[in-house]
Amino acid sequence: MRRFTVYDSLTREVRSFAPIAPPRVGMFVCGLTPYAEAHVGHGRFAVVFDVVARALRHWGYRVFYVQNITNLDDKLIARAAEIEEDPLALADRYAQSWRRLMTRLEVSSVNYYPYATDYVPEILAQVRVLIDRGYAYVAEDGSVYYSVARFPEYGKLSGQRVEALRPGARVEVDERKRAPEDFVIWKAATPGEPSWESPWGPGRPGWHIEDTAMTGRLLGPRYDLHGAGLDLIFPHHDSEIALAEAASGEAPFVNYWMHNGLLTMGGEKMSKSIGNVSSLEDAIDRYGPMVLRFYYLNAHYRSPLEFDPPRTLDEAKEAYARLALPADRIAEALDRRAEDAAGADLPDTLADAAEALEETLDATLANDFNSREVIALLFGWTRRMTEDLPRLDAYSSDALEELAGPYRWAEEVLGLFVRRPEGRGGAWANLVPVLLEARARARARGDFAEADRIRDELRGRGIRLEDDASGTRWEFTGPE
RNA sequence: GCCGAGGUGGCAGAAUGGUUAAUGCGUCGGACUGCAGAUCCGAUUCCUGGGGGUUCGAUUCCCUCCCUCGGCUCCA
């Protein structure tokens, strides 16, 4: 297991990572409340923590990664009422859409996406324990509240002191609470809304306790790594700590807290409530998953990242195309000579450089997941590979594998350079070589009008041609 | 008001107590090309918010001020 460091939001320092029970690592990330289409900001946390899990596995840890889905809350219920759909059905619809987007984005590391409502028994059990231990009380209407005053360390993650909070700053004060800072863990049912039976009457789970009940069951009372956007630190994560440590009597609840910086648009956080959202699916359709992943990983995960369409993704597209060009050419050369072992060996200096680079990539990422620095190193390799492109077909397949090494590393750990057959021209792919041959003949006899006509025709079908010294290449870019 | 994060070239965005502050985008020049595009080579050597302090040396550490963003019970 490689050693690595990670910035821990609780201690506010970069710490060396040590799992509770190596090599196993329990990892939990706060996922979506699926009541609307996912936006580009959501994609960031998904890719950031995907890379964290991929890296840990690459380094020999056995990661169990859980990303929850809050499939019932006030906003979701309100939205469902608006469009006259069952709230749980609405949530399921958007949750499945999220899963499809994750597949397209190559977010493959999540082991389990639990629904909050599938953990009602665990939630009720935790509510019971908290009442029994005197941390929670039942209000007149059957709601149950956590009494923040009973947990003196409340706020240690955010640094907030309870007495400094402004009750009602953004959310109306709830009269049923004993203290304004108390939060609901079991919400008495409202007619017409989904509800479950409980010893305190019908109701539904509060937000914070969903996660602690779920992780208690799946990861145990204490686990290694908790991630999310930094907008969730307060009150959500502070409340999770208060709930979990009170319920289990064990501490610390979580050993490492990771928070990613937020994606901004127009300088402000991208969010549904502000309305400055841009669809994630749209971005994937338009630019492809690799460009999007590149864009996210091109910044340190803790920095804010500005999204300014179309400029930012156009720029990422240009940069990624340049970075990936040798990776593609090497892969193509390998395809061409799959069964052919003949060819030149790699010069020692190049072979050594490839090996050394892989070690540097690991060491760089092991420094608090500095993916931006890793990408800078990969650009260095791409520059070096570019010089070798004309000689590619002279190398043996073993030599080509060595050249591909750093890109393979990035494919496994960063999820970049993934080549999928989809989007490569579909049914037209069979026709293209025939048309290219016809065009080559036209060019050879000087009939450039015919050559351009074929090029334009294909362009109209979303296939772009490029001539270079070795002949004509094509790629499917989609209809304009 | 309180808590937290952050201010780096035209833009995006890294890093480090120490030679010309990475990398990419853009721009300019050149190569290649029937044209286009892509690609390649070179250039863009006056960029670390202001003011103090520690140090032989600060963008980095400390103090202070200014500005931006996030949070203060909906939020990735």
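Because the structure is predicted, anything quoted here is derived from the model rather than measured.
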Measure the distance from [atom1] on [X] to [atom2] on [N] and round it to the nearest whole Å.
| X | N | atom1 | atom2 | value |
| --- | --- | --- | --- | --- |
| Asp231(A) | G70(B) | CG | P | 10 Å |
| Asn298(A) | A14(B) | CG | C1' | 9 Å |
| Leu297(A) | A14(B) | CG | C1' | 14 Å |
| Phe307(A) | C69(B) | CZ | P | 20 Å |
| Leu325(A) | G37(B) | CG | P | 17 Å |
| Asp388(A) | C40(B) | CG | P | 14 Å |
| Asp467(A) | G37(B) | CG | P | 12 Å |
| Tyr301(A) | A14(B) | OH | P | 12 Å |

Name the nucleic acid region contacted by [X], choosing base, sugar-phosphate or nothing; use a 4.0 angstrom heavy-atom cut-off, strictly under.
| X | answer |
| --- | --- |
| Ser239(A) | nothing |
| His300(A) | sugar-phosphate |
| Phe379(A) | sugar-phosphate |
| Arg79(A) | nothing |
| Gly41(A) | base |
| Gly31(A) | sugar-phosphate |
| Arg439(A) | base |
| Arg443(A) | base |
| Asn260(A) | base |
| Leu263(A) | base |
| Ile233(A) | nothing |

What class does the angle between the rings of Trp257(A) and His237(A) fall in, given that below 30° is parallel, 30 to 60° is tilted and above 60° is perpendicular? tilted
Which of parallel (below 30°), tilted (30 to 60°) and perpendicular (above 60°) describes Tyr223(A) and Phe253(A)? perpendicular
Examine [N]: is either OP1 or OP2 under 4.0 Å from a nitrogen or oxygen in the side chain of [X]? Give yes or no.
| X | N | result |
| --- | --- | --- |
| Asn370(A) | A14(B) | no |
| Arg322(A) | G24(B) | yes |
| Ser303(A) | A14(B) | yes |
| Lys156(A) | C3(B) | no |
| Ser158(A) | C3(B) | no |

Complement of [N], any strand, by Watson-Crick or G-U distances under 3.5 angstrom:
| N | answer |
| --- | --- |
| A21(B) | none |
| C2(B) | G71(B) |
| G34(B) | none |

Between [options], which nucleotide has the shortest distance from any of its atoms to the side chain of [X]?
| X | options | answer |
| --- | --- | --- |
| Arg302(A) | G6(B), U23(B), G13(B) | G6(B) |
| Glu373(A) | A15(B), G13(B), G34(B) | A15(B) |
| Arg12(A) | C72(B), U23(B), A5(B) | A5(B) |
| Leu305(A) | G71(B), U73(B), G13(B) | G13(B) |
| Phe234(A) | C11(B), U73(B), G6(B) | U73(B) |
| Glu181(A) | C40(B), C3(B), U73(B) | U73(B) |
| Glu268(A) | A14(B), C69(B), G24(B) | C69(B) |

Any donor-acceptor pair, under 3.5 Å, between the side chain of [X] and the base of [N], if you only look at N and O atoms?
| X | N | answer |
| --- | --- | --- |
| Asp452(A) | G34(B) | yes |
| Asp314(A) | C25(B) | no |
| Glu315(A) | G24(B) | yes |
| Arg455(A) | A36(B) | yes |

Indicate whether Phe448(A) forms a stack on G34(B); treat it as stacked only if centroid distance is below 5.5 angstrom and interplanar angle below 30 degrees. yes
Write down the distance separating the [atom1] atoms in [N] and [M], rounded off to the nearest Å.
| N | M | atom1 | value |
| --- | --- | --- | --- |
| U48(B) | U64(B) | P | 24 Å |
| A21(B) | G34(B) | C1' | 45 Å |
| U55(B) | U60(B) | P | 16 Å |
| C40(B) | G7(B) | P | 31 Å |
| C69(B) | G30(B) | C1' | 44 Å |
| A22(B) | U8(B) | C1' | 12 Å |
| C11(B) | U44(B) | C1' | 14 Å |
| G29(B) | G13(B) | P | 28 Å |

Atom CZ of Arg3(A): over 12 foreign heavy atoms under 6.0 Å: no
What do you reckon, is CD of Glu466(A) surrounded by more than 12 foreign heavy atoms closer than 6.0 Å? yes
Please examine the side chains of [Y] and [X], heavy atoms only from C-beta on, and report whether any two atoms are closer than 4.5 Å.
| X | Y | result |
| --- | --- | --- |
| Phe307(A) | Leu305(A) | no |
| Ile375(A) | Phe294(A) | yes |
| Phe417(A) | Leu378(A) | yes |

Side chains of Asp467(A) and Thr472(A), donor plus acceptor under 3.5 Å: yes
Which sits closer to the 5' end of RNA chain B, Met270(A) or His208(A), going by the nucleotide each is nearest to? His208(A)
Residue mapping more 5' on RNA chain B - nearest nucleotide basis, Ala451(A) or Glu466(A): Ala451(A)
Pi-cation contact, Tyr296(A) with Arg44(A) (under 6.0 Å, within 45°):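 So Arg44(A) doesn't make the cation-pi contact.
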Phe4(A) ring center within less than 6.0 Å of Phe369(A) ring center: yes
